[in-house]
Q: 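Before anything else, here's the structure in question.
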Amino acid sequence: MDEVNEQVAARRDKVAQLKSDGLPAYRNDFRPSHTARDIRDRHGNLAQPELEALPEEFALGGRIRALRPHGKAAFFEVEDGTGRLQVYARRDGLGDEAYERVRSLDVGDIVGVCGRLFRTRTDELTIQAREVTLLTKCIRPLPEKWHGLKDVETRYRQRYVDLMVNPEVREVFRNRSRVIGLVRDFLEQRGFLEVETPMMQPMAGGAAAKPFVTHHNALDLDLYLRVAPELFLKRLLVGGFDRVFELNRNFRNEGISTRHNPEFTMLEFYQAYADYEDMMELTEELFVTLAEEIHGSLRIPCGEHEVNLERPWQRLSLTQGVVRHAGAEESELATPEDLRKVAGKLGLDLDPRLGQGKLLVEIFEHLVEPRLIQPTFVTGYPLEVSPLARRNDSNPALVDRFELFIGGRELANAFSELNDPDDQRRRFEEQAAARRAGDDTACEVDEDYVRALEYAMPPAAGEGIGIDRLIMLLTDSPSIRDVILFPLLRT
RNA sequence: GGGCCGCUAGCUCAGGUGGUAGAGCAGCUGACUCUUAAUCAGCGGGUCCGGGGUUCGAAUCCCUGGCGGCCCA
């Protein structure tokens, strides 16, 4: 108990009173016949004489969201998972004792109501209560009816209250669920098989990120929560599943921001006999499908901007991006020394140990990424930042990879897959060396993965899409915490 | 980790230059049988985030800690 609040005390007193009267404050014997939406959909158009002629009663269960008592009659609003409906209770309809019980109800209580439908003078569809039953007492007062719950900390820490009183928050999470269902349908229609691979891995690979460590007691084995499922999904390509996807949680032991939560939902999919350009096509199709389903339009609001998802989307190389948006000359981007000079000129303070590729990516992330509002596939990624991607056939310093940016945020990362086991082993060894040199986001040599490639992985491409960021885009949410039900907070 | 901002009643918020804390909603009591942010009359409700300091006196000024937001790393 964290408080002695007069309002809580008053509600507890009511529970005690019920108990002493031999009535339950918590019961589970009520079964709704309809939802609020059912009732509105089926009878919302009927006028009073037609409603009066309806022979049946309606049983509605839900939470009291508003009370308007008037002496010997009372209106209240009952809300279930589908909407609200007004209820009208009269002393002469219920009897004195039952009416007194109705008058002792509080906003927040969960009730079952039975009665026939009618329209009020102001034409509102209403249940005329024949019976009102308290099903569950709400001990704590709800936030203010008009302003709702605004305090962001309470909204995240007590999401149940946020959801209860802020309908737009419920809408975001309904949309989240719809999007995830649509993504599954989209991939399954195209022959992708949904799979589940380990979240607890003996070695964290598949992305440059710091992992969480845990320990299996019986095996006395340190395990890592996965930073990506990539290396397992590609093993499945070796095994003969030519199109697979996984849509589930990843964990990265890094900072928290408006676009990062330590656990987040990632979609990864892999397709044999495809390359990264095929992934661009698929990505455009997917986003267009989602926008049409969720918004009914390809022009969607994004903060102060409007994003236009009409195909085809812009393609831009990393270098072009830096030239176009950061105001550098292409001739200034040739060597690490040049890049450091450019970074300095542009006001960036970068780690002096970074090599050519990482410098370019850093400059891009700081100066170009925030300006990519319209959907843009960025290509031309350096080999050194892409240890699992296939080398470009004409320029061996680059890989066949893109990242997708929309609304100034990275939404997806895709590449043609490296399937040469010897090249893969060398890349792993370079990673391992970087790791020994202090880069704790670099991975180690995954011997079994190399062995899998030695059995031949078909030529393929794969992609990861950050589902939380996708939901942010589709619901115009400025923070990742707005699309994660229970974001991580300090305790 | 750094910078800036915030934390006051259950909720939403006010509280120039330091003088012992207010409103609306919610609650309680009363009136009211078609209201819908119901209305009318009355009443109660505070660890001003915690700790320390300055001062005759601190929600207010200073220091320190906590939690959160935004930005940066």
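The sequence lines fix the lettering, A, B, ..., with proteins before strands; numbering per chain opens at 1. Keep in mind it's a predicted model, so treat the numbers as computed, not measured.
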Q: Charged N to carboxylate O below 4.0 Å: is that the case for A:Arg340 and A:Glu337?
A: yes
Q: Rounded to whole angstrom units, what separation is found between the CH2 atom of A:Trp146 and the P atom of B:A23?
A: 22 Å
Q: Do A:Arg157 and A:Asp151 sit within salt-bridge range, that is, some charged N less than 4.0 Å from a carboxylate O?
A: no
Q: From CZ of A:Arg65 over to C1' of B:A37, roughly how many Å is that when rounded to an integer?
A: 13 Å
Q: Is any NZ, NE, NH1 or NH2 atom of the basic residue among A:Glu124 and A:Arg119 found under 4.0 Å from an Asp or Glu carboxylate oxygen of the other?
A: no
Q: For B:G18 versus B:U55, give the span between their P atoms, rounded off to a whole number of Å.
A: 15 Å
Q: Nearest to the A:Lys72 side chain among B:C32, B:G68, B:U35, which nucleotide is it?
A: B:C32
Q: Suppose you measure atom C1' in B:A38 against the same atom in B:U33; what distance do you get, rounded to whole Å?
A: 13 Å
Q: Would you list the atom pairs, donor with acceptor, under 3.5 Å between side chains in residues 78-85 of chain A and any protein atom, with sequence neighbours excluded?
A:
| residue | atom | partner | partner atom | Å |
| --- | --- | --- | --- | --- |
| A:Glu79 | OE1 | A:Arg65 | NH1 | 2.9 |
| A:Glu79 | OE2 | A:Arg84 | NE | 3.3 |
| A:Glu79 | OE2 | A:Arg170 | NH2 | 3.3 |
| A:Asp80 | OD1 | A:Thr82 | N | 2.8 |
| A:Asp80 | OD1 | A:Thr82 | OG1 | 2.7 |
| A:Asp80 | OD1 | A:Gly83 | N | 3.2 |
| A:Asp80 | OD2 | A:Ala36 | N | 2.8 |
| A:Thr82 | OG1 | A:Ala36 | N | 3.3 |
| A:Thr82 | OG1 | A:Arg37 | N | 2.9 |
| A:Arg84 | NH1 | A:Glu77 | OE1 | 2.8 |

Q: What's the closest nucleotide to the side chain of A:Pro143 if the choices are B:C11, B:U12, B:G69?
A: B:C11
Q: Taking atom P in both B:U60 and B:U17, compute the distance separating them and give it to the nearest angstrom.
A: 12 Å
Q: Could you check A:Lys145 against A:Phe75 and say which one's nearest nucleotide on RNA chain B is further toward the 5' end?
A: A:Phe75
Q: Rounded to whole angstroms, how far apart are CZ on A:Arg11 and C1' on B:C28?
A: 13 Å
Q: Is there a donor on the side chain of A:Gln86 or the base of B:U35 sitting less than 3.5 Å from an acceptor on the other?
A: yes
Q: Does any donor atom in the side chain of A:Tyr156 or A:Asp482 lie under 3.5 Å from an acceptor atom in the other side chain?
A: yes
Q: What is the distance, rounded to the nearest whole Å, between atom CD of A:Glu144 and atom P of B:C13?
A: 10 Å
Q: Are A:Thr35 and A:Asp38 close enough that a side-chain donor and a side-chain acceptor fall under 3.5 Å?
A: yes
Q: Take nucleotides 3-9 of chain B nucleotide by nucleotide from the 5' end and write B, S or -, depending on whether a protein heavy atom sits under 4.0 Å from the base, only from the sugar-phosphate, or from neither.
A: -------
Q: Would A:Arg401 pass as a cation-pi partner of A:Tyr381, given that its NZ or CZ must be under 6.0 Å from the six-membered ring centre and within 45 degrees of the axis?
A: yes
Q: In whole Å, I'd like the distance from the CD atom of A:Gln158 to the P atom of B:C11.
A: 9 Å
Q: To the side chain of A:Arg490, which of B:C67, B:C25, B:U33 is closest?
A: B:C67
Q: If you draw a 6.0 Å radius around CD in A:Glu330, do more than 12 non-hydrogen atoms from other residues or ligands fall strictly inside?
A: no
Q: Taking CZ in A:Phe251 as the centre, count heavy atoms belonging to other residues, nucleotides or ligands within less than 6.0 Å. Is the count above 12?
A: yes
Q: The criterion is salt bridge (Lys or Arg N to Asp or Glu O under 4.0 Å); which residues satisfy it with A:Arg371, sequence neighbours excluded?
A: none
Q: Go through B:C70, B:C34, B:G68 for me and flag the one nearest to the A:Arg121 side chain.
A: B:C34
Q: Stem finding on RNA chain B, please: runs of three or more consecutive Watson-Crick or G-U wobble pairs, both distances under 3.5 Å, sorted by first number.
A: B:1-7 with B:66-72, B:10-13 with B:22-25, B:27-31 with B:39-43, B:49-53 with B:61-65
Q: Round to the nearest Å and state the distance from A:Lys150 atom NZ to B:C11 atom P.
A: 14 Å
Q: Looking for any heavy atom pair under 4.0 Å, which part of the strands does A:Phe118 touch: base, sugar-phosphate only, or nothing?
A: base
Q: Looking only at the side chain of A:Gln7 (C-beta and beyond, no hydrogens), which of the listed nucleotides B:C28, B:A26, B:U33 gets closest?
A: B:A26
Q: Does one side chain, of A:Glu463 or A:Thr283, offer a donor that lies under 3.5 Å from an acceptor on the other?
A: yes
Q: Ignoring the backbone of A:Arg90, work out which of B:U12, B:U33, B:G69 is nearest its side chain.
A: B:U33
Q: Among B:C28, B:U35, B:A37, find the nucleotide with the atom closest to the side chain of A:Arg68.
A: B:U35
Q: Can you tell me, in whole Å, how much space there is between the P of B:C28 and that of B:G69?
A: 34 Å
Q: Can you pull out the residues from residues 93-113 of chain A that lie within a 4.0 Å heavy-atom distance of RNA chain B?
A: A:Arg103
Q: Could you check how far OH of A:Tyr156 sits from P of B:G68, rounded to whole Å?
A: 12 Å
Q: When the P atoms of B:G10 and B:A26 are compared, how many Å lie between them, rounded to an integer?
A: 16 Å
Q: Taking the six-membered ring for Trp and the single ring otherwise, decide whether the centroids of A:Phe415 and A:Tyr276 are under 6.0 Å apart.
A: no
Q: Please list, one pair per line, the donor and acceptor atoms closer than 3.5 Å that link side chains of residues 404-411 of chain A to other protein atoms, with sequence neighbours excluded.
A:
none

Q: Check whether the side chains of A:Thr265 and A:Arg176 place a donor and an acceptor atom closer than 3.5 Å, and report yes or no.
A: yes
Q: When you get a sec, tell me which of B:C28, B:C34, B:G10 is the closest nucleotide to the side chain of A:Pro141?
A: B:G10
Q: Say whether, by atom type as modelled, one donor and one acceptor occur between the side chain of A:Asp106 and the main chain of A:Asp109 under 3.5 angstrom.
A: no
Q: Please give the distance between the P atoms of B:G6 and B:G16 as a whole number of Å.
A: 14 Å
Q: Assess whether one donor atom and one acceptor atom, taken from the side chain of A:Asp92 and the base of B:U33, lie less than 3.5 Å apart.
A: yes
Q: Looking at A:His366, does any N or O in its side chain come under 4.0 Å of the phosphate oxygens OP1/OP2 on B:C72?
A: no
Q: Indicate whether OP1 or OP2 belonging to B:C71 is found under 4.0 Å from a side-chain N or O atom of A:Thr258.
A: yes
Q: Between B:G24 and B:C34, how far apart are the C1' atoms? Round to whole Å, please.
A: 26 Å
Q: When rounded to the nearest Å, what value does the distance between P atoms of B:A21 and B:A9 take?
A: 14 Å
Q: By nearest atom, which of the nucleotides B:G10, B:C11, B:G68 is closest to the A:Leu489 side chain?
A: B:G68
Q: Please state how far atom NE2 in A:His260 lies from atom C1' in B:G69, giving the value in whole angstrom units.
A: 18 Å
Q: With respect to the phosphate group of B:G69, does any side-chain polar atom (N or O) of A:Arg481 fall under 4.0 Å of OP1 or OP2?
A: yes
